[in-house]
Amino acid sequence: MSDFTRRSFIKTASLASAAVAAAGMGLYSGNSRAADFKLKFANNLPISHPMNIRAREMAKAIKEETNGALSVQVFPSSQLGSDTDTLAQVRSGAVDLFSLSPVILGTLVPSVQISAVGFAFKDYQQVWSAMDGALGEHVRGEIAKTGTLFAYERMWDNGFRVTTTSTRPVASPDDLRGMKLRVPPSPIIMSIFRALDAAPTSINFAEVYSALQTRIVEGQENPLTLVSSAKLYEVQKYCSLTNHVWDGFWMLGNSASIGRLPPELQAVLRKHIEAAVLAQRDDLAKLEGTTRDTLKGKGLELVDSPAEPFRAKLRSANYYADWHEKFGDEAWAILEQFSGKLA
Ligand code: X2X
């Protein structure tokens, strides 16, 4: 698109409503024009997951508000590559936006995994106070130190991770002994299942369904909404409500790609990301109530897994002491401000 139009957008964007003003002034030729700026947003979630529903709405709202000057193309289901690949792509700028769980981002920036300490948060009240507050701020600072990546202020929700299996339910830590379990490529998730004496193996999410189907692994662990939207119930029998780790997704941006946008477009993008994320959190909260029934209806057997025996085993395996040492006293103190004393 011509520079003229882009400059027109930038100028009119400083008015209260860029789109209305621009349309009124007849500056734009409508939807048929090519975008001045195109961004690729990659993620690993199924197209029907609330994140992708909100992401599509977000892209539409951005296009409308900028009258087509900024286009965000959403690539769900690891279409551009596995999480490991996509992390490399967002670092190089081949991908502009990538929603990534801190547990996987931990392969690049270990300190961001602090939000995924096992059984740290007991509910969403604690989660969002921490992640929208001082703990999130600490983590975003660590991400910014990469120099190539930054994280938008608020995280998408993934949920509390539960454990699904085909062979036996997981009601207590003993049930995990030797169990072949898929975990994400993640040091901290690997470590919790090692401490619980399971046999975890790292597999990118894109391969999880087939790994379960072919019985390369007996089970996996992910939040209920994802167990449902990825149809994992088709290849699993038990769903044990371990709720061992809360998980979300940082909305990562490639600093150079986003920095190339005029400030007005950056502001429009930020505003719509924030709106989409907050709506998605609500969607997941509402789904909480119904997803258990949905999964039961699909034939999964739901199993209660009280947390205390798992916590006790983690304490005796030095899990908390080890991670405390890795994250350091300062960061650990921030976490415990929200979670309470952990060990
Ligand atoms: O890979 C997973 O298990 C997932 C989808 O939860 C993450 O992105 C961490």
query = Out of curiosity, Leu295 CG to Gln236 CD, how far, rounded to the nearest 0.5 Å?
reply = 11.5 Å

key: Within 6.0 Å of CZ in Arg292, more than 12 heavy atoms from elsewhere   = no

task = Output yes when Arg177 and Asp197 qualify as a salt bridge under the 4.0 Å nitrogen-oxygen rule, no when they do not.
result = yes

inquiry  = Centroid separation under 6.0 Å, is that true for the rings of Phe249 and Phe98?
reply    = no

task = Nearest 0.5 Å please: distance from the CZ atom of Arg194 over to the CE atom of Met190.
result = 5.0 Å

message = With a 6.0 Å cut-off (strictly less than), is the heavy-atom count around CD of Gln213, excluding the residue itself, greater than 12?
response = yes

Point-to-point distance, once rounded to the nearest 0.5 Å, from CD of Gln126 to CG of Leu335 = 9.5 Å

ask   = Between Asn43 and Ser99, is any side-chain donor less than 3.5 angstrom from a side-chain acceptor?
value = no

Side chain to side chain donor-acceptor pair (under 3.5 Å) partner of Arg161, the single match among Asp247, Thr242, Asn243 = Asp247

inquiry  = Just to verify, which of Ser191, Pro102, Pro187 counts as forming a side-chain contact (heavy atoms from CB on, under 4.5 Å) with Gln113?
reply    = Pro187

request  = Go through the steps to decide whether Tyr238 and Val170 satisfy the test side chain to side chain contact (heavy atoms under 4.5 Å, CB included), and finish with yes or no.
outcome  = CA-CA 8 Å; Tyr238 306 99; Val170 181; over 6 Å; no

inquiry  = For the residue pair Asp157 / Trp246, report whether a side-chain donor-acceptor contact shorter than 3.5 Å exists.
reply    = yes

inquiry  = Heavy-atom count check: over 12 atoms from other residues, nucleotides or ligands less than 6.0 Å from Lys313 NZ?
reply    = yes

ask   = Looking at Glu308 and Arg311, does any basic side-chain N land under 4.0 Å from a carboxylate oxygen?
value = yes

Asp96 and Asn254 side chains, donor-acceptor separation under 3.5 Å = no

request  = Please step through side chain to side chain contact (heavy atoms under 4.5 Å, CB included) for the pair Val109 and Leu149, ending with a clear verdict.
outcome  = CA-CA 11 Å; Val109 189; Leu149 297 177; over 6 Å; no

inquiry  = Around atom NZ of Lys326, are there more than 12 heavy atoms from other residues, nucleotides or ligands closer than 6.0 Å?
reply    = yes

task = For the residue pair Phe41 and Trp156, categorise the inter-ring angle as parallel (less than 30°), tilted (30 to 60°) or perpendicular (more than 60°).
result = parallel

Check ion pair Arg281-Asp132 (N to O, under 4.0 angstrom) = yes

ask   = Is any NZ, NE, NH1 or NH2 atom of the basic residue among Glu64 and Lys60 found under 4.0 Å from an Asp or Glu carboxylate oxygen of the other?
value = yes

inquiry  = Quick check for you: to the nearest 0.5 Å, what is the distance between Trp250 atom CH2 and Phe150 atom CZ?
reply    = 12.5 Å

request  = Take His138 and Phe327 through the side chain to side chain contact (heavy atoms under 4.5 Å, CB included) test and state the conclusion after the steps.
outcome  = CA-CA 12 Å; His138 161 72; Phe327 292 129; over 6 Å; no

query = Can the ring centroids of His244 and Phe160 be said to lie less than 6.0 angstrom from one another?
reply = no

message = I'd like to know if Arg270 and Glu153 make a salt bridge, using a cut-off of under 4.0 Å between side-chain N and carboxylate O.
response = no

ask   = Using 4.0 Å as the upper bound for N to carboxylate O, is an ion pair formed by Lys231 and Glu234?
value = no

query = Can you say whether the rings of Tyr320 and Trp332 are parallel (under 30°), tilted (30 to 60°) or perpendicular (over 60°)?
reply = perpendicular

task = In sequence, state the C-alpha distance, the side-chain angles, and the governing distance for His49 and Gln280, and then conclude on side chain to side chain contact (heavy atoms under 4.5 Å, CB included).
result = CA-CA 9 Å; His49 188 281; Gln280 188 263 1; 3.7 Å; yes

ask   = How many angstroms lie between atom CG of Leu224 and atom CG of Leu241, to the nearest 0.5 angstrom?
value = 6.5 Å

ask   = Are Arg168 and Glu218 ion-paired here, with the side-chain N under 4.0 Å from a carboxylate O?
value = yes

query = Is atom CZ of Arg91 surrounded by more than 12 heavy atoms (other residues, nucleotides or ligands) closer than 6.0 Å?
reply = no

message = Does Glu325 have more than 12 heavy atoms from other residues, nucleotides or ligands lying within 6.0 Å of its CD?
response = no

Salt-bridge criterion met for Glu142 and Lys145 (N-O under 4.0 Å) = yes

